Engineer: 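Before I ask anything, let me first share the structure, which is written out below as structure tokens.
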Amino acid sequence: DGKRLPHLDGVMVDNVKNKQTAFLKFVQGEYDFFNGLDVTIKDEMLDKKGELRSKYINNFDLVKSPFLNTEYLGFNIDPKFGDHPLNNVDVRKAINFAINKEKLIKYLRNGVGEAGKYGFVPIGLPEYPYSQVGQSSYHFDSALYYMKRSGIDPKRAEPIVINTTQDYMELMVFVQKEIQNLGLKVEIKIHPSSFLRQLRKDQKINCFRGSWIADYPDAENYLICFDSKNFSPGGPNYFHYSNSTFDNLLMQANKSKDEKERMKLLANADKLMMKEMPCIILFYDQSLRLKQKWVKGLNSNPINFLRLRSVSKSKQS
């Protein structure tokens, strides 16, 4: 409009640990926008379709878009864990088919996110050939088939221990119940986030809830998590997944100057890795922002950066 950017004089950030308190202050008009979804407020904020509840529609705007974040259940498949059931690829496949991810999104996330039906690369990268990776969805008959094919008696198998933080307890209880339908014993251990990261890094655990947000929006930034050169504790391969063909596909993609060919190579690597299933994709996240009606120009983006250069306000704080 012929006005020099930025429109704002400054930015005030308030650190509030309690999401309910932060949301209440937003509703009361103390904050201009509210970011993210929390289990304590999801039912108050959204209906089961992921839409803003009717009582808030006239007061606030909801901005929702793909967020390049993959949420997963990870397995450390290093041989040092011996004959643990999670070191059996058919058990991992059985667990994947046993988890109803669509149900998880609808009831635990109030429609926010996309069920994890492709590979590790999240939905939202325009050039990535997701169809080439293939799809998987809930299918309990297939889960029983792979459980039987594994040769493991679920009643005698060592318990599966899911390690997570308090914030994801409800989500992991859902996963626990889904896996238990196979007859497997499943326990949940809660840790502070810093301690969980250290346990995962030091190879002390073989099952954990995790997420990966890219440093930059490119498929390669996700798949390096499975490169054998990146074994933890030196890198982000917490799964200790190792496949020379996978590593070679990543290397070829890194050398390719043709972007379309590069994406095909990365998709082939993604597909190969998912066949061996060192992790189960639970869902691809979405960014969620609530803003006051007086805020203009606040948009979303795939990496959820807060960009305020073109944002303006018609009301003074």
Side-chain angles (χ1 to χ4, degrees), residues 70-108 114-120 130-164 168 170-189 200 203 205-210 225-226 237-246 267-284:
T70 300
E71 296 277 343
Y72 64 86
L73 183 68
F75 309 122
N76 187 323
I77 57 175
D78 193 287
K80 77 174 186 178
F81 288 102
D83 59 356
H84 191 281
L86 290 178
N87 270 30
N88 187 309
V89 65
D90 285 326
V91 171
R92 301 195 297 270
K93 288 181 178 180
I95 292 172
N96 180 56
F97 281 115
I99 300 174
N100 191 331
K101 301 161 192 176
E102 297 284 355
K103 189 176 177 181
L104 181 154
I105 290 293
K106 182 176 181 179
Y107 294 106
L108 277 79
E114 294 279 348
K117 60 183 179 181
Y118 298 112
F120 198 71
Y130 294 96
S131 59
Q132 187 178 319
V133 179
Q135 296 187 36
S136 69
S137 58
Y138 172 74
H139 196 276
F140 197 66
D141 285 345
S142 295
L144 292 175
Y145 166 79
Y146 281 108
M147 193 69 230
K148 184 177 180 180
R149 197 172 84 163
S150 73
I152 289 177
D153 183 351
K155 294 180 180 178
R156 296 183 179 181
E158 187 178 345
I160 292 170
V161 180
I162 302 175
N163 294 272
T164 187
Y168 290 89
E170 185 181 27
L171 194 79
M172 290 303 104
V173 168
F174 174 86
V175 170
Q176 176 190 40
K177 291 177 179 177
E178 297 285 272
I179 299 173
Q180 285 175 334
N181 288 332
L182 293 170
L184 291 162
K185 303 181 190 73
V186 184
E187 301 170 7
I188 298 175
K189 284 189 177 180
R200 187 178 62 181
Q203 304 291 292
I205 54 178
N206 70 338
C207 183
F208 50 90
R209 187 221 66 89
C225 294
F226 303 92
N237 188 345
Y238 309 115
F239 320 91
H240 273 210
Y241 172 78
S242 179
N243 185 306
S244 58
T245 304
F246 177 91
N268 282 337
D270 200 358
K271 181 178 182 178
L272 175 64
M273 180 273 296
M274 289 308 299
K275 283 183 178 179
E276 300 179 80
M277 206 146 283
C279 66
I280 290 170
I281 312 304
L282 297 176
F283 62 92
Y284 309 112

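No experiment lies behind these values; they were computed from the predicted model shown.
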Engineer: The criterion is side chain to side chain donor-acceptor pair (under 3.5 Å); which residues satisfy it with S142, sequence neighbours excluded?
Structural biologist: H139
Engineer: If I compare all heavy atoms of F226 with all of P278, which pair ends up nearest, and what's the gap?
Structural biologist: CE2-CG, 3.8 Å
Engineer: Can you tell if the side chain of S150 reaches within under 4.5 Å of the side chain of V91, non-hydrogen atoms only?
Structural biologist: yes
Engineer: Looking only at the side chains, is there a donor atom on one of D78 and Q203 sitting less than 3.5 Å from an acceptor on the other?
Structural biologist: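 Distance-only check fails for D78 and Q203.
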Engineer: Are any of the side-chain heavy atoms of R92 and I280 separated by less than 4.5 Å?
Structural biologist: no
Engineer: Sort and list the pairs that fulfil side-chain hydrogen bond (donor to acceptor under 3.5 Å, both in side chains) and have at least one residue in residues 173-186, not counting sequence neighbours.
Structural biologist: none
Engineer: Answer yes or no: is there a side-chain heavy-atom contact under 4.5 Å between L171 and F283?
Structural biologist: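 Yes, their side chains come closer than 4.5 Å.
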Engineer: So F239 and Y72, side-chain contact (heavy atoms from CB on, under 4.5 Å) or not? Walk me through it.
Structural biologist: CA-CA 12 Å; F239 320 91; Y72 64 86; 3.6 Å; yes
Engineer: Do side-chain atoms of K117 reach the backbone of K101 as a donor and acceptor pair under 3.5 angstrom?
Structural biologist: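 Not confirmed, K117 side chain does not pair with K101 backbone.
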Engineer: Can you give me the closest heavy-atom contact between D270 and F246, atom names plus distance?
Structural biologist: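 Result for this residue pair: N-CE1, 4.4 Å.
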Engineer: Listing request: all salt bridge (Lys or Arg N to Asp or Glu O under 4.0 Å) pairs with a residue in residues 135-153, at least two apart in sequence or in separate chains.
Structural biologist: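 For residues 135-153, and leaving out neighbouring residues, the salt bridge (Lys or Arg N to Asp or Glu O under 4.0 Å) pairs sorted by first residue read D90-R149, D153-R156.
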Engineer: Using every non-hydrogen atom in the two residues, find where H84 and I160 come nearest and quote the distance to one decimal.
Structural biologist: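 Where H84 meets I160 most closely, the heavy atoms are CE1-CG1, 4.2 Å.
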Engineer: So V186 and V175, do their side chains get closer than 4.5 Å, heavy atoms only?
Structural biologist: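 No, every pair of side-chain atoms sits at 4.5 Å or beyond.
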Engineer: Can you measure from OH (Y241) to CD (E276) and round to the nearest 0.5 angstrom?
Structural biologist: 3.5 Å
Engineer: Go through the structure and list residues passing side chain to side chain donor-acceptor pair (under 3.5 Å) with Y118, not counting sequence neighbours.
Structural biologist: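 Counting only residues at least two positions away or on another chain, Y118 forms no side chain to side chain donor-acceptor pair (under 3.5 Å).
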Engineer: Shortest non-hydrogen contact from N87 to I77?
Structural biologist: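 The pair with the smallest heavy-atom distance is OD1-CA, 3.6 Å.
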Engineer: Dump the intermediate steps for side-chain contact (heavy atoms from CB on, under 4.5 Å) on L184 and M147, then the final yes or no.
Structural biologist: CA-CA 10 Å; L184 291 162; M147 193 69 230; 4.0 Å; yes
Engineer: Supply the atom-to-atom distance N100 CG to F140 CZ, rounded to the nearest 0.5 angstrom.
Structural biologist: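 One finds 11.5 Å between CG of N100 and CZ of F140.
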Engineer: Tell me if a side-chain donor or acceptor on N206 pairs with a main-chain N or O of N76 at a distance below 3.5 Å.
Structural biologist: no
Engineer: Taking the side chain as everything from C-beta on, heavy atoms only, tell me whether L108 gets closer than 4.5 Å to E170.
Structural biologist: yes
Engineer: To the nearest 0.5 Å, what is the distance between CG (L272) and OG1 (T245)?
Structural biologist: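 Taking CG in L272 and OG1 in T245, the distance rounds to 6.0 Å.
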Engineer: Going from CG on L182 to CD1 on I152, what distance comes out if it is rounded to the nearest 0.5 angstrom?
Structural biologist: 11.5 Å
Engineer: Give, for atom CG of N96 and atom OG of S136, the distance between the pair rounded to the nearest 0.5 Å.
Structural biologist: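 It comes to 4.5 Å.
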Engineer: Restricting to non-hydrogen atoms, name the atom on G119 and the atom on V133 that form the minimum distance, rounded to 0.1 Å.
Structural biologist: N-CG1, 3.7 Å
Engineer: Measure the spacing between SG of C279 and CZ of F120 and express it to the nearest 0.5 Å.
Structural biologist: 5.5 Å
Engineer: Side-chain contact, heavy-atom cut-off 4.5 Å: F208 with Y238?
Structural biologist: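 Counting from C-beta outward, F208 and Y238 do come under 4.5 Å.
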Engineer: Where do M277 and K93 come nearest, in terms of heavy atoms and distance?
Structural biologist: SD-CA, 3.9 Å
Engineer: What residues form a side chain to side chain donor-acceptor pair (under 3.5 Å) with R209, not counting sequence neighbours?
Structural biologist: E71
Engineer: Going by side-chain contact (heavy atoms from CB on, under 4.5 Å), K189 matches just one of V161, I162, T164. Which one?
Structural biologist: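 Going through the options one by one, the only one that passes is V161.
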Engineer: Could you go step by step and tell me if L282 and M172 meet the side-chain contact (heavy atoms from CB on, under 4.5 Å) rule?
Structural biologist: CA-CA 10 Å; L282 297 176; M172 290 303 104; 3.9 Å; yes
Engineer: Stepwise, does the side-chain contact (heavy atoms from CB on, under 4.5 Å) test hold for V173 with I188?
Structural biologist: CA-CA 8 Å; V173 168; I188 298 175; 3.9 Å; yes
Engineer: With sequence neighbours left out, write down each residue that passes side chain to side chain donor-acceptor pair (under 3.5 Å) with N237, or none if nothing qualifies.
Structural biologist: none
